[in-house]
Amino acid sequence: EQINIYNHTITFEREVIRFNINTHGGAAELIYNQNDDAVSIKLSSPDHGEETTYIEPHTLLMFSHSKPKKVQD
């Protein structure tokens, strides 16, 4: 399963539950690991490179990012 927040890609090694949440001035995803084991998460973006972490079983995790600023020439 994979989600994208702006130019960030978040990939989960197995299925997780996503909750719809409202945000102002950015984007966010609330994730729940309903599995009995930890789930590996791969985070990648051109700005920050690539990292791997995990979410513990039966745990909520929120990913958020403020709205990118427009670059003016």
Side-chain angles (χ1 to χ4, degrees):
E1 187 167 347
Q2 178 175 300
I3 60 175
N4 294 297
I5 300 179
Y6 300 113
N7 66 339
H8 301 282
T9 301
I10 305 163
T11 306
F12 302 91
E13 73 171 326
R14 62 172 77 139
E15 188 176 337
V16 293
I17 297 172
R18 294 171 61 183
F19 294 95
N20 290 329
I21 57 174
N22 295 319
T23 60
H24 299 283
E29 292 279 349
L30 184 62
I31 305 298
Y32 178 68
N33 178 8
Q34 79 282 5
N35 299 288
D36 290 331
D37 297 311
V39 172
S40 177
I41 305 169
K42 182 173 128 183
L43 309 154
S44 61
S45 80
D47 300 335
H48 306 289
E50 191 173 293
E51 288 192 35
T52 301
T53 188
Y54 61 92
I55 179 173
E56 293 286 349
H58 308 288
T59 300
L60 285 165
L61 182 62
M62 182 182 291
F63 295 96
S64 65
H65 194 296
S66 58
K67 187 174 181 179
K69 297 176 183 169
K70 292 182 181 181
V71 177
Q72 295 181 353
D73 293 327

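Given the structure is predicted, the values throughout are model-derived calculations rather than measurements. Positions are given from 1, in the same order as the sequence printed here. The analysis underlying the following values was restricted to heavy atoms, covering all of them including side chains, and did not include hydrogens, waters or symmetry mates.
Applying the side-chain hydrogen bond (donor to acceptor under 3.5 Å, both in side chains) test to Arg18 and every residue at least two apart in sequence or in another chain returns Glu29. The ring-ring contact (aromatic ring centres under 6.0 Å, His included) check on Tyr6 picks up His65, with sequence neighbours excluded. Remark: Ser64 engages Ala28 in a side-chain contact (heavy atoms from CB on, under 4.5 Å) (not counting sequence neighbours). With sequence neighbours left out, Asn20 forms a side-chain hydrogen bond (donor to acceptor under 3.5 Å, both in side chains) with no residue at all.
From Ser44, atom OG reaches atom CG of Asn4 across 8.5 Å, with rounding to the nearest 0.5 Å. For the atom pair Thr53 OG1 and Leu43 CG, the distance stands at 7.0 Å (nearest 0.5 Å). Note that CD1 of Ile10 is 4.5 Å distant from CZ of Phe63, once rounded to the nearest 0.5 Å. To the nearest 0.5 Å, atom CG of residue Leu60 and atom CD1 of residue Ile31 are 9.5 Å apart. In this structure, CD1 in Ile55 is found 12.0 Å from CZ in Arg14, a value given to the nearest 0.5 Å. Rounded to the nearest 0.5 angstrom, Thr23 OG1 and Ile21 CD1 are separated by 6.5 Å.
Counting heavy atoms of neighbouring residues, nucleotides and ligands inside a 6.0 Å radius, atom CD of Glu51 does not exceed 12 of them.
The list of ring-ring contact (aromatic ring centres under 6.0 Å, His included) pairs with a residue in residues 12-56, not counting sequence neighbours, reads His8-His48.
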All N/O donor-acceptor pairs, side-chain side in residues 35-42, below 3.5 Å, sequence neighbours left out:
unit_1 : atom_1 : unit_2 : atom_2 : d
Asn35  : ND2    : Glu15  : O      : 3.0
Asn35  : ND2    : Asn33  : OD1    : 2.9
Asp36  : OD1    : His58  : NE2    : 2.8

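In the hydrophobic clustering of this structure, Met62 does not group with Val16; members are Ile, Leu, Val, Met, Phe, Trp, Tyr whose side-chain heavy atoms approach within less than 4.5 Å, directly or through other members.
For the pair Asn7 and Pro46, the tightest heavy-atom approach, listed with the atom from each and the gap, is O-CD, 3.4 Å.
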